[in-house]
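Data first, discussion second: the structure below is written as C-alpha cells.
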Amino acid sequence: MRSLTLTGGKMSAPFGRSTRCLSARSPVGLLSQLRRNHPVRCPLGERRLSQARPALYCACVSTGGQRGPLEGLTVLDLTRVLAGPFATMILGDLGAQVIKVERPGAGDDTRTWGPPFVGAESAYFLSVNRNKKSISVDLKHPRGVGVIQELAAVCDVLVENFLPGKLPRLGLGYEQLCAVNPGLVYCSISGYGQTGPRAQSPGYDSIASAVSGMMHITGSEDGEPVRPGVAMTDLATGLYAHGAVMAALLQRHKTGRGVHIDCNLLSSQVSCLTHIAANYLNGGQEARRWGTAHESIVPYQVLKLNELTNKPEYKSNKLRVQNRRELLHTLSQRFLQEKTADWLREFEGSGVPVGPINNIQEVFSDPQVKHNGLIQEMEHPTAGQITVPGPAVRFSSFAHDKATPPPLIGQHTVQVLRHTLSYSDDVINALLESKAVTQNEVS
Amino acid sequence: MRSLTLTGGKMSAPFGRSTRCLSARSPVGLLSQLRRNHPVRCPLGERRLSQARPALYCACVSTGGQRGPLEGLTVLDLTRVLAGPFATMILGDLGAQVIKVERPGAGDDTRTWGPPFVGAESAYFLSVNRNKKLAAVCDVLVENFLPGKLPRLGLGYEQLCAVNPGLVYCSISGYGQTGPRAQSPGYDSIASAVSGMMHITGSEDGEPVRPGVAMTDLATGLYAHGAVMAALLQRHKTGRGVHIDCNLLSSQVSCLTHIAANYLNGGQEARRWGTAHESIVPYQGFSTKDGHLVVAAATDQQFVRVCNVLKLNELTNKPEYKSNKLRVQNRRELLHTLSQRFLQEKTADWLREFEGSGVPVGPINNIQEVFSDPQVKHNGLIQEMEHPTAGQITVPGPAVRFSSFAHDKATPPPLIGQHTVQVLRHTLSYSDDVINALLESKAVTQNEVS
C-alpha cells in the first residue's frame, strides 16, 4: 500500500452509513481544541452540529423512523479473527458506526485465511466484516497510539481482544481511557478471562472448545471427539459480547458512566453447557457423545409402526430412554426403507419436527432461508459482487438495507481522521508520512 | 398443587432480586384504576412510588452503583424449553425482573421433558387475560409460540403495543414469523440439520452429528438477548417498542459465517473435518498416549514452535510447509507425521512441554475435568444456590463479567407458580379479593412454596 499524501481540497467520498460526529460523553476541553476550526458537518440530513453541544448525539439521528437501534453510536474495533469481529459486525448491522483498526501490512489475520478467495479477499474475512470502516494504524508507533487514544475519547464503545495487559502497556487500557472518556464502554474479549491462572494463554476456539468440554460431548457414540463444524465457541462469545455492550449502553443512560466488560471463550462455552453442566454439578453424571441423538429424549414418530405405541416399555420418555437401543434399532431399520424426500412428505402435517440434514448448497436453496434474507449480496470495490450470510434477527422498526461491504485494509483511514477526529490535512499528511497510519489506494 | 386461598395480611416473602414495580411506559388511564387503592411499595430502598408518576421507573433503581444494567426493567417470559429461557435468564443475570409464565400442571416442557406436541393448552388459555394485563406493565415480552398463536389469543404484538406502545416484543420461533416454513414446529435438532450445522460436524470419514449441546438454541437465545437490549436502547430515543423476529434457522445460518461465504461466493461445498480446520494446518486434535490434545498453530511462527516442542525441527526447513497455504495443500503428509509423534507421550507431558511456547494447546476435557479447572472456578462458572425444595443446587454461572456489578444477587430457578400471588399483588396491584377469586377459578395457581 503506497503512502498517500493529500492534495488540497477535501475528499468527497460520502461518509457512509451512520455518522457519529461527536461523542456524547467526552470532556469539552479535549474536543474543543480539535473542533475549534472545523465545525463538524453531519452528512445525514446535512445538519451542522453546533460546537456548543458536545454532549448530544448528532440531532439528525434522533427521530427514529427506519434507522437501526444503534444509529448514532460509534464502536472502535480493535479485534481480529472471529469472536470480536462477529460481535462488532452485529453492532454494525444494528446501525452503529464501526471503525476497525488494523495493523499496516497484513491487517486482520483472516484476510489471508483461504482458499477460497474472492479476488484478493478471503471469503472468511468477507463473512464477518461487513458494515465496518477500516483504518490502518501502527500501534508500535507512538503517534499511532495517539490516534487510537483520541478516537477512544470520542467513541462510545471500544472492543478489543488482545492478551490481558497488552493494551494497558500501550496506554490503551480501560483505566487510562475511561479517565479521558468516563462514558466509554470497554469490552475485552479473551481466551480465558482478564484475570486468573490461564489469563495469559492465547485463546483460540479450537482450544477453548476442548478445554470447556464442548469437544468431549460432540461426535458419534463410538467415535472420537470432534469440533462443531463452525467455531461456535467464538461465535457464542461474540454473541454474549454484543449483548453485554448494549447492556452497558443501557446502564450508561442511567449512570452516565461506562464499564469494563470481561468476555471470554472459556466462560461463554462453559455457560452454554447448560444441562450438561447441571447433570454433572448436581448428580456427578459425566457426559458422553451421542452422535445426532439426545441423551434425555428418544423420539416417537408415526412410521406405520403403531404396535410400538402399545408396548409398555415405550410408554413414557423415561422408559424409551431406558430401552433406547432396541427401539432405535427398530426405527432405524424402518427409516432406511424410504428416501428422505418421501419421509419428509409423510411427516408433513403430523406435528412432529423432522428435517433433512442439508449440505450447504441445500441450505441456501431452501425457500425459508431465502425468505429470511439470509443471502446478502453486496458490491465490493475490488472483489465485485460478494455474498455473505445475512443478519439473523429482524426488527419491525428497520430493514437491513443499508449494509456496506467489508472494507479493504486502511480504506477509511483518512476519512476517519478527518471526520471523526477533525484533523487538518497537514496533520493527516504528517501521520501518513511517518507511517503511523496508512491509507489504501481505494477509499 | 393445592389451590391456596389468601388469609388476611400480606405475605412477607421478599420480592426477590431486582424489583420492577411498574412499567415505565404504560398509559396512565389503564394503570391508575389498578393502582388507586394500592400505592406500590418498592422493597428496594423502601420508597413509595407516587401514583402521579406512572411513566417513571421506580426511583430507587436510578442511582446506578452496584446494580446490574437492567435493574428496573421487567421481562414477561412466555417462552419454554431452551432458546427463550436461556435468553431471559441472561436478561435476569443482568438485573431485569423476569416473570416466567407457565401453564398450570406441567409448566415449562423441560420440567419433565415429556410430550406434548398436542398440549393441554386450554388451561393456559384461561390465563390469557392475566398475561394481557402483565404485558401492559412490562418492558419486554419474550415468546416462542408458533407464529399466529398468540395473536389468536389477543396477545399478538399489534394488539399489545396498542396498549403499551413501548413494549419490546421478541418472538423466537423455529424458522421465522413469516415464510413457507413459519408453521413448522422448531427444535434445535431439526434446525441444526436443516441449517447445515450437522452436515459440517463429525469426523472426516464419519456420519454427521449434532454439537453435544444445543448450540442452535443457545445461539438464538444469545441473539435474542442482544436484540432485546438493542430495542430498549432505541426506545430511549423514540419512546416506542418493536417486534423482533428471532429464529433457530436464521441464527444458525448466520453463524455459518465463512462456511456460508465459501459456498455463496465460490460454490465450495462444506464437509466434515473432525477436529481439524479446513483452512489452517495444524489446527486440530491429536491422539496422545492416554487421551487427546488440541493444537491451534494458526501462524507460521507458531508452526515453527510446534516443531521445536515436538523435536521435529527438520519440518521447518521443508519448503512445502513454509506457509499456512502450503501446509493446507500438503496437510495429509504433515498431519501424519505430527500424529505419529503425539502418540508417543501422554497428554499431561505434552501440555507441560508446550507451556511458554506461545502455541495455543489444550486437553479435550470431560465434564469433570472442566469443573476441576482452576480458571473455570476463578471465572465464577460454578454457581451455587439454595433451592427451596431441592436444597443446594449448582449451575453453570454467567459467562460475562462487568466491572460495575457482581453476580451476587442470583435467585434459584423457581418452582412452578411460586410467585403467582406475589406478581399479581406487586406488579398488577390486585387486591386480595381479586387474587382469591382467580385462585378459586383455577385461572391461576400458586405453589405451596412462595
Side-chain angles (χ1 to χ4, degrees), chain A residues 64 69 94 113 116 118 123-124 127 196-198 202 204 206-207 210-211 213 215-218 226-229 232 235 239 242-244 246-247 251 255 259-260 262 267-268 270-272 277 280-281 287 291-292 351 353 355 357 359-360 363 367-368 371-372 374 387 389 392-394 396-397, chain B residues 64 69 94 117 179-181 185 187 190 193-194 196 198-201 209 211-212 215 218 222 225-227 229-230 234 238 242-243 245 250-251 253-255 257-258 260-266 270 274-275 294 296 360 362 364 366-367 370 374-375 378-379 381 394 396 399-401 403-404:
Chain A
L94 294 170
W113 284 11
V118 187
Y124 198 115
S127 71
R198 279 197 209 276
Y204 285 88
S206 209
I207 310 298
V211 172
M215 264 196 220
H216 173 72
I217 59 177
T218 302
V226 298
R227 284 171 66 234
M232 286 309 296
L235 297 174
L239 285 167
H242 101 286
M246 287 190 287
Q251 181 155 50
T255 65
V259 70
H260 190 187
D262 179 349
S267 295
S268 301
V270 171
S271 284
C272 282
Y280 170 75
L281 292 168
T292 59
I357 294 182
N359 65 20
I360 306 305
V363 169
Q368 186 70 36
H371 175 87
N372 287 4
L374 293 166
T387 318
V393 182
R394 304 279 145 173
S396 60
S397 51
Chain B
L94 293 169
F117 293 110
R181 278 196 210 278
Y187 284 86
I190 310 297
V194 172
M198 265 198 221
H199 172 72
I200 59 177
T201 302
V209 297
M215 285 309 297
L218 299 174
L222 286 168
H225 102 285
M229 288 190 287
Q234 182 156 50
T238 65
V242 70
H243 190 188
D245 179 350
S250 294
S251 302
V253 170
S254 285
C255 283
T257 57
H258 59 102
N262 291 353
Y263 170 75
L264 292 168
N265 295 286
T275 61
V294 177
I364 294 185
N366 65 19
I367 306 307
V370 170
Q375 186 70 36
H378 175 88
N379 288 2
L381 293 166
T394 319
V400 182
R401 303 280 146 173
S403 61
S404 51

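Chain A is the first sequence line, chain B the second, and so forth, proteins listed ahead of strands; every chain is numbered from 1.
- Between the side chain of B:S254 and the backbone N or O of A:A392 there is at least one donor-acceptor pair closer than 3.5 Å.
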(Q) Working note: A:V211 + B:V370, criterion side chain to side chain contact (heavy atoms under 4.5 Å, CB included); need CA distance, chi angles, decisive distance, verdict. (A) CA-CA 7 Å; A:V211 172; B:V370 170; over 6 Å; no

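- When every heavy atom of B:Q375 is checked against every heavy atom of A:R198, the shortest pair comes out as OE1-N, 2.6 Å.
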Q. Would B:V400 and A:S267 satisfy side chain to side chain contact (heavy atoms under 4.5 Å, CB included), going step by step from the backbone distance to the final call?
A. CA-CA 7 Å; B:V400 182; A:S267 295; over 6 Å; no

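- When all heavy atoms are compared, the tightest approach of B:T201 to A:G229 is OG1-N, 2.8 Å.
- Of the atoms belonging to A:I360, heavy atoms from both backbone and side chain fall under 4.5 Å from chain B.
- The heavy-atom pair separating A:A210 from B:V294 by the smallest distance is CB-CG2, 3.6 Å.
- Atoms CG and OG, on B:L264 and A:S127 in that order, are 10.0 Å from each other to the nearest 0.5 Å.
- Across B:A261, B:P374, B:S251, the residue that shares the most heavy-atom pairs under 4.5 angstrom with chain A is B:A261.
- A donor-acceptor pair is defined here as one N or O able to donate and one able to accept, closer than 3.5 Å; no such pair exists between the side chain of B:S403 and the backbone of A:V259.
- When the candidates A:G213, A:A123, A:P202, A:P197 are compared by the number of heavy-atom contacts under 4.5 Å with chain B, A:P197 comes out ahead.
- Contacts between B:H378 and chain A at a heavy-atom distance below 4.5 Å involve the side chain alone, from C-beta outward.
- A distance of 5.5 Å separates CG of B:L222 from SG of A:C272, quoted to the nearest 0.5 Å.
- The structure places CD1 of A:I357 at 10.0 Å from NE2 of B:H199, a figure rounded to the nearest 0.5 Å.
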Q: Determine, step by step, whether B:N379 and A:V270 satisfy the side chain to side chain contact (heavy atoms under 4.5 Å, CB included) criterion, reporting the C-alpha distance in whole Å, the side-chain angles of both residues, the deciding distance to 0.1 Å, and the verdict.
A: CA-CA 10 Å; B:N379 288 2; A:V270 171; over 6 Å; no

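- From B:T257, atom OG1 reaches atom OH of A:Y124 across 6.0 Å, with rounding to the nearest 0.5 Å.
- Residue contact with chain A, scored on non-hydrogen atoms closer than 4.5 Å, involves the side chain of B:H225 exclusively.
- Looking only at side-chain heavy atoms (C-beta outward), B:N265 and A:P116 stay at 4.5 Å or farther from each other.
- Distance CD1/B:I200 to CZ/A:R227: 9.0 Å, rounded to 0.5 Å.
- Across all their heavy atoms, B:G274 and A:V226 have their closest contact at O-CB, 3.5 Å.
- Remark: A:L235 CG to B:M215 CE distance equals 8.0 Å, nearest 0.5 Å.
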